[in-house]
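A note on names: the letters A, B, ... follow the listed sequences, proteins ahead of strands, and every chain is numbered from 1. In what follows, every heavy atom counts, from backbone to side chain, and hydrogens, waters and symmetry copies are set aside.
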Number of protein chains: 2
Amino acid sequence: MSRTVLKALDVLECLAFSGQSLSAPEVAERCGLTRPTTYRLLSTLAARGYVAGGQDGRFRLGNKMLSLSKRLLEYAQLPQLARPELERLCQFAGETVHLGALEDIEVLYVDKVESLTAARMYSIVGSRSPLHSTSLGKAILAFLPDSERTMLLERISLAQRTPNTITDRGRLEEDLRVVRERGYAIDDVENEEGIRCVGAPILGNAGMPIAAVSISGPVVRMTASRVDDLAPALLETGRRISQKFGYISPIRDEPATAASDPAAPTTAPLGEP
Amino acid sequence: MSRTVLKALDVLECLAFSGQSLSAPEVAERCGLTRPTTYRLLSTLAARGYVAGGQDGRFRLGNKMLSLSKRLLEYAQLPQLARPELERLCQFAGETVHLGALEDIEVLYVDKVESLTAARMYSIVGSRSPLHSTSLGKAILAFLPDSERTMLLERISLAQRTPNTITDRGRLEEDLRVVRERGYAIDDVENEEGIRCVGAPILGNAGMPIAAVSISGPVVRMTASRVDDLAPALLETGRRISQKFGYISPIRDEPATAASDPAAPTTAPLGEP
DNA sequence: ACCAGCCGTCCGGCATCTCGGACGTGTCGG
DNA sequence: CCGACACGTCCGAGATGCCGGACGGCTGGT
């Protein structure tokens, strides 16, 4: 469509695939562009940080590319990084543990670990649930930036799933305020009859919630008091997974410093902090 | 400079920072663009995979962004991922181990591990050496795609560093052919008097060499036969580090499948395969 | 020292893209 | 059922960026 933009993307890809720094004439030759056009596009891309121009007149890909795809990276790594923590939490709690990520206006179930002792629930990995009626959804919603949360709340319907579902916008916002202070969200039989959940957010490098963990169980076992008892371990699990995404954070837009090893084995026991 | 490209970048950043899928009008509103322009830019970016457009008319960042910054990612993660393997190799070989990456037309020393028993060499991390006279450089050169290697060979000078340095383009290309078959490169006192080295490549997701490992030592200990004895462990180290970059490989341009856990502890002893 | 070749930049003619506006369509609400 | 709104698309006027060409400045070779 827009031929100018296509050329700019050509330049970007040319630099990315070469992997090396290229001089402007080299870029021009590889992309089949004239020199003036190449200089204009390179300086435009450089002004935004998409390419980094050395003073020696050579250009390489800029770190802006990385910071833009941070979110994609987190999403791609989420299941692998979260798995062991989910299993530990499940073993500790003896209840089903879910991992959910925000997708559009719903929460997408990304992973699930079921306790051996708990009755098996049907598989819901890959399915979606509303944001306003689940602990996963509320945990994510609560920690979104105000603007994002507002835009999302505008678009969701607050449908009644059970008698306990919060269907009033004001009451939901009040609940989210409590979640922010408390650190975790409670689904008090608001999404499914007979099921009570606790959820805690997983925060990415920029403090943005990229997902959430939850513990779910039948009301007969998941009493209100047990929910609060499980909360500290749940929060600890959320923090642990969040930390695993910390190693991307030092990559800002230019300086690259050392980072903690994300693969370092942490075998400390779960429990009260 | 190029106002059209700047707008396209605005759209890209808007989608990246929102993290969520946005409808075209939302993008238009956030970026302050008119609807027709927004549609054109979005479809242009979508045609190249920079944004992924759902059939529901919503757009999110495409995986092309990730595949473009793969190289940057690898480079950022290289030191952390390679460290433990370098240390094991150093302990096994009892000689100095280097990690080097291609930067422009030279090899950049990224990390170094020195044996306790070996005499300390001056610190060279951060410095550069020629490609044609080092085992690191030749290991990288040998496994580059033909076109890249040719372009690089055009630009380097084949300066004589020692009497053994290969200063003839034809002989160098023949040596690189041997390196490709054998799997590792030998610096037979070609870069520094009295120092002999073996180097093996570290291959990234696409089979492109992103760095190399080497074992260096004084000729009195690093005889030609010892070089060959150390080669299997060196190659194994290169393979191990290469594998750590494998988890990015499943991320092609759309399908995202499960990957092997990069953090899995591998404690098998080094040695002959 | 000279010359040659390349690099980076600047200028006119032309093609292309953008803007503003308007149209047909689908959905939601009354 | 109809009206209203928003979405996605299409069109002319105008502006903007692109191509081809040409100019200083530099490096490297002779």
Assess the side chains of B:S2 and A:T44: does a donor N or O sit below 3.5 Å from an acceptor N or O?
->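 On atom types as modelled, these side chains do not qualify, holding no pair under 3.5 Å.
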Polar side chain donor-acceptor pair, A:S133 to A:N191, under 3.5 angstrom |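 Distance-only check passes for A:S133 and A:N191.
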Within the sub-3.5 Å range, which N or O atoms of nucleotides 25-30 of chain C have a protein N or O partner, and how far apart are they?
none

With the threshold set at 4.0 Å, does a side-chain nitrogen-carboxylate oxygen contact exist between [X] and [Y]?
X: A:R177; Y: A:E173; answer: no
X: B:E148; Y: A:R30; answer: yes
X: A:D10; Y: A:R3; answer: no

Can you give one letter per nucleotide of nucleotides 8-17 of chain C, going 5' to 3': B for a protein heavy atom under 4.0 Å from the base, S for sugar-phosphate only, - for none?
-> SBB------S
How long is the line joining [atom1] of [X] and [atom2] of [N], in whole Å?
X: B:L41; N: D:dG8; atom1: CG; atom2: C1'; result: 15 Å
X: B:R155; N: C:dC6; atom1: CZ; atom2: C1'; result: 15 Å
X: B:L33; N: D:dG8; atom1: CG; atom2: P; result: 15 Å

Positions of residues 5-14 of chain B (non-hydrogen atom under 4.0 Å from DNA chain C), listed by number |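 Correct list: B:K7.
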Give the C-alpha distance, both sets of side-chain angles, the deciding distance and a yes or no for side chain to side chain contact (heavy atoms under 4.5 Å, CB included) between A:E74 and A:L78.
-> CA-CA 6 Å; A:E74 289 171 345; A:L78 180 60; over 6 Å; no
For B:I210 against B:R71, the heavy-atom pair lying closest together =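 Reported closest heavy-atom pair: CG2-CD, 4.3 Å.
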Are A:L12 and A:L61 close enough that some pair of their side-chain heavy atoms sits under 4.5 Å apart?
->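 They are in side-chain contact.
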Any side-chain heavy-atom pair from A:L9 and B:K64 closer than 4.5 angstrom?
->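 In short, these two side chains do not touch, never coming nearer than 4.5 Å.
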Which residue, B:K138, B:R196, B:R171, forms the salt bridge (Lys or Arg N to Asp or Glu O under 4.0 Å) with B:E190?
->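 Exactly one option meets the salt bridge (Lys or Arg N to Asp or Glu O under 4.0 Å) with B:E190, and it is B:K138.
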